[in-house]
Amino acid sequence: LYFRLITLIKNELTDNHISCVFYVYRVGKAALDSVNLKGHSFLTLKDFNAEEIKHILWVSADLKHRIKHRGEYVPLLQGKSIAMIFEKRSTRTRMSTETGFSLLGGHPCFLTPQDIHLGVNESTTDTARVLSGLADVVLARVYSHSSLEHLDIDASIPIINGLSDLYHPIQVLADLLTLQEHYGSLKGLTLAWIGDGNNVLHSFMMSLAKLGVNLKVATPKGYEPDANVTQEAQLLSKQFGTKLQFLMDPMETARDSSVLVTDTWVSMGQEEEKKKRLKDFLGYQITMQTGSVAAPDWTFLHCLPRKAEEVDDEVFYSPRSLVFTEAENRKWTIMGLMVCILTDYTPQIPKLKF
């Protein structure tokens with residue numbers, strides 16, 4: 001047990017003299033951790049500070065240890081339900097959320113576009129209020145980030161961003177846990193993003209500097225990250241003393257980098273642009289040649305699904321590639337996040353090194 005001694009001095013004026021009364025409180029382990037995310041929505045990592053992100057990752061690692069490695073049953077979400085709104089299909093988001101919520105004793109409810117049309121058959125306001133009375137939390141995977149913001153305004157329960165056009169924060173939680181497990185800490189790493197300036201990159205830009213991670217970005221002309229996100233990321237980099245570079249040369253971006261990361265060049269909804277995109281991204285494929293200029297212990301991440309033009313088989317299936325651990329960690333991190341926002345749980349394992 002941990003203890004903290006709080007001494008309060010209460011002065012009482014009594015018959016021309018002052019008496020001092022000391023109150024001593026024993027405070028348990030949970031009180032030492034000042035982070036409390038219960039009831040919070042999770043729309044973007046922009047809204048979370050370093051300690052809050054670390055706390056989510058700590059809870060995630062704890063659940064992975066207790067459930068996967070020790071075989072424990074940890075029904076922290078027994079009696080709770082999650083409404084899962086999917087405007088866009090997904091393997092990892094659906095499987096990780098459904099299996100994770102069930103492992104914790106809860107009940108997941110999957111809603112396809114055939115079941116629910118945000119703002120079409122029913123207003124988003126009404127949907128938010130209805131789901132608030134039927135579930136404990138909503139995870140929504142949507143085309144427009146504004147749909148999440150509208151849900152969050154009108155719901156009385158937490159809203160989790162399962163993916164939007166602007167951010168993909170639950171993916172980056174999995175990536176951060178994967179890197180922490182592999183390297184033992186995050187501070188001082190340099191992540192090289194080589195590809196499209198998309199929602200996953202935006203979530204990296206809103207989180208890495210807070211954890212002491214440098215970021216180098218290479219995108220073809222016309223595929224740069226959002227200007228407002230870039231401006232915010234530059235402020236964060238300056239605040240936390242990390243390096244943030246925007247380049248166009250993949251090799252220069254990879255140089256001395258710890259982690260090489262890419263993503264799909266053609267996202268759902270961009271199929272009509274495929275031919276042009278493949279042409280514009282020529283030279284951006286990650287290969288062993290790209291890795292030859294990276295740090296000696298470089299690793300590779302991809303949120304999947306992957307196409308060969310983005311990264312060749314030699315890298316993707318090599319020991320350098322952490323993609324399948326990364327995919328599995330989608331489950332442990334969404335579980336950790338849901339436990340953080342629905343309970344007061346304190347992890348049993350020591351805090352992670354960052």
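No hydrogens, no waters, no symmetry mates; every other heavy atom, side chains included, goes into these values. Everything quoted here is computed from the prediction, not taken from an experiment. Residue numbers start at 1 and run along the sequence shown.
- Judged by distance alone, the side chain of Lys279 and the main-chain N or O of Lys275 form no donor-acceptor pair under 3.5 Å.
- Looking at heavy atoms from C-beta onward, Leu337 lies out of side-chain contact with Thr333 at the 4.5 angstrom threshold.
- In this structure a side-chain-to-backbone donor-acceptor pair under 3.5 Å is present from Arg277 to Trp265.
- Of the residues listed (Thr262, Ile194, Val311), the one engaging Thr290 in a side-chain contact (heavy atoms from CB on, under 4.5 Å) is Ile194, and it is the only one.
- Cys303 approaches Asp263 most closely through the heavy-atom pair SG-OD1, 3.0 Å.
- Listed for the Arg141 side chain is no donor-acceptor partner under 3.5 Å among the backbone atoms of Leu163.
- Taking every heavy atom of both residues into account, Ser156 and Ser132 meet most closely at N-OG, 3.0 Å.
- A donor-acceptor pair under 3.5 Å is formed between the side chain of Lys216 and the backbone N or O of Arg255.
- Under the 4.5 Å side-chain criterion, counting only non-hydrogen atoms from C-beta, Gln171 is not in contact with Ser203.
- No chain of hydrophobic side-chain contacts below 4.5 Å, direct or via other Ile, Leu, Val, Met, Phe, Trp or Tyr residues, connects Met95 to Leu111.
- Not a single donor-acceptor pair under 3.5 Å links the side chain of Glu98 to the backbone N or O of Pro108.
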Open item on the list: Would Leu57 and Gln180 count as a side-chain contact (heavy atoms from CB on, under 4.5 Å) here? Give the steps.
Closed with: CA-CA 9 Å; Leu57 297 175; Gln180 195 284 331; 5.8 Å; no

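- With no hydrogens or angles considered, a side-chain donor-acceptor pair links Ser146 and Ser144 at under 3.5 Å.
- With a 4.5 Å cut-off on side-chain heavy atoms, Phe204 and Val261 count as touching.
- By the 30° and 60° cut-offs, the orientation of the rings of Tyr284 relative to Phe281 is perpendicular.
- In this structure, Leu189 CG and Tyr183 OH are separated by 6.5 Å, a value rounded to the nearest 0.5 Å.
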- [ ] Could you give me the CA-CA distance, side-chain angles and deciding distance for Leu148 and Leu166, then say whether side-chain contact (heavy atoms from CB on, under 4.5 Å) is met?
- [x] CA-CA 11 Å; Leu148 293 168; Leu166 193 57; over 6 Å; no

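- Using a 4.5 Å cut-off on side-chain heavy atoms (C-beta onward), Lys68 and Trp332 make contact.
- Note: the hydrophobic cluster containing Leu76 also contains Val137 (ILVMFWY, side chain heavy atoms under 4.5 Å, direct or indirect links).
- The closest side-chain donor-acceptor pair between Glu326 and Thr178, if any, does not fall under 3.5 angstrom.
- Electrostatic pairing of Arg70 and Glu72 counts as a salt bridge here, judged by a charged N lying under 4.0 Å from a carboxylate O.
- Atoms OG1 and NE2, from Thr44 and His145 in turn, are 6.0 Å apart once rounded to the nearest 0.5 Å.
- In this structure, CG in Leu139 is found 5.5 Å from CZ in Phe86, a value given to the nearest 0.5 Å.
- Relative ring orientation between His302 and Phe316 is described as perpendicular, the plane-to-plane angle rising above 60° on a 0-90° scale split at 30° and 60°.
- Taking each heavy atom of Lys80 and Leu342 in turn, the nearest pair found is CE-O, 3.8 Å.
- In this structure, CG on Leu45 lies 7.5 Å from CG on Leu176, to the nearest 0.5 angstrom.
- The distance from atom CH2 of Trp193 to atom CG of Leu208, rounded to the nearest 0.5 Å, is 10.5 Å.
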Between side-chain atoms of residues 238-249 and protein atoms elsewhere (two or more places apart, or another chain), which donor-acceptor pairs fall under 3.5 Å?
residue	atom	partner	partner atom	Å
Thr242	OG1	Ser237	OG	3.3
Asp249	OD1	Met251	N	3.0

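- Between Val315 and Trp298, the closest side-chain pair of non-hydrogen atoms falls below 4.5 Å.
- Residues Met84 and Val130 do not share a hydrophobic cluster, clusters being chains of Ile/Leu/Val/Met/Phe/Trp/Tyr side chains in contact below 4.5 Å.
- Looking at heavy atoms from C-beta onward, Asn228 lies out of side-chain contact with His202 at the 4.5 angstrom threshold.
- Of the possible donor and acceptor atoms, none in the side chain of Lys351 sits under 3.5 Å from a partner among the backbone N and O of Lys54.
- Counted within 6.0 Å of CD on Gln289, heavy atoms from surrounding residues, nucleotides or ligands total 12 or fewer; the atom is thus considered open.
- Checking side-chain atoms of Glu232 against main-chain N and O of Val229 turns up no donor-acceptor pair under 3.5 Å.
- Closest approach of Val323 and Ser321 over heavy atoms only: CG2-OG, 3.2 Å.
- Clustering ILVMFWY residues whenever any of their side-chain heavy atoms sit less than 4.5 angstrom apart, transitively, puts Leu63 in the very cluster that holds Ile82.
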Open item on the list: Could you go through Glu328 and Lys64, starting from their C-alpha distance and side-chain angles, then the distance that decides it, and tell me whether this counts as side-chain contact (heavy atoms from CB on, under 4.5 Å)?
Closed with: CA-CA 10 Å; Glu328 180 192 337; Lys64 185 175 184 179; 3.9 Å; yes

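- Ile153 shares a hydrophobic cluster with no other residue; no ILVMFWY side chain has heavy atoms under 4.5 Å from its own.
- Side chain to side chain, Thr125 and Asp154 meet the donor-acceptor criterion of an N or O pair below 3.5 Å.
- Ser123 places a side-chain N or O within donor-acceptor distance of the main-chain N or O of Asp126, the cut-off being under 3.5 Å.
- Here the straight-line distance linking atom OG of Ser147 with atom CD1 of Ile159 works out to 11.5 Å at 0.5 Å rounding.
- Between Gly195 and Pro220, the shortest heavy-atom distance links the atoms O-CD, 3.7 Å.
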- [ ] Report the C-alpha separation of Arg330 and Thr93 in whole Å, then their side-chain angles, then the decisive distance to 0.1 Å, and conclude whether the side-chain contact (heavy atoms from CB on, under 4.5 Å) test is met.
- [x] CA-CA 7 Å; Arg330 286 290 305 275; Thr93 302; 2.6 Å; yes

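- A side-chain donor-acceptor contact under 3.5 Å links Gln114 and Thr112.
- In this structure, Ile67 and Met335 have side chains that are in contact, with non-hydrogen atoms separated by less than 4.5 Å.
- A heavy-atom distance below 4.5 Å is found between the side chains of Thr124 and Leu151.
- Residues Val213 and Val259 share a hydrophobic cluster, clusters being chains of Ile/Leu/Val/Met/Phe/Trp/Tyr side chains in contact below 4.5 Å.
- The closest donor-acceptor contact from the side chain of Trp58 to the backbone of Gly336 lies at 3.5 Å or more, if one exists at all.
- Nearest heavy-atom pair, Met205 versus Pro225, reported as atom, atom and distance to 0.1 Å: SD-CB, 3.8 Å.
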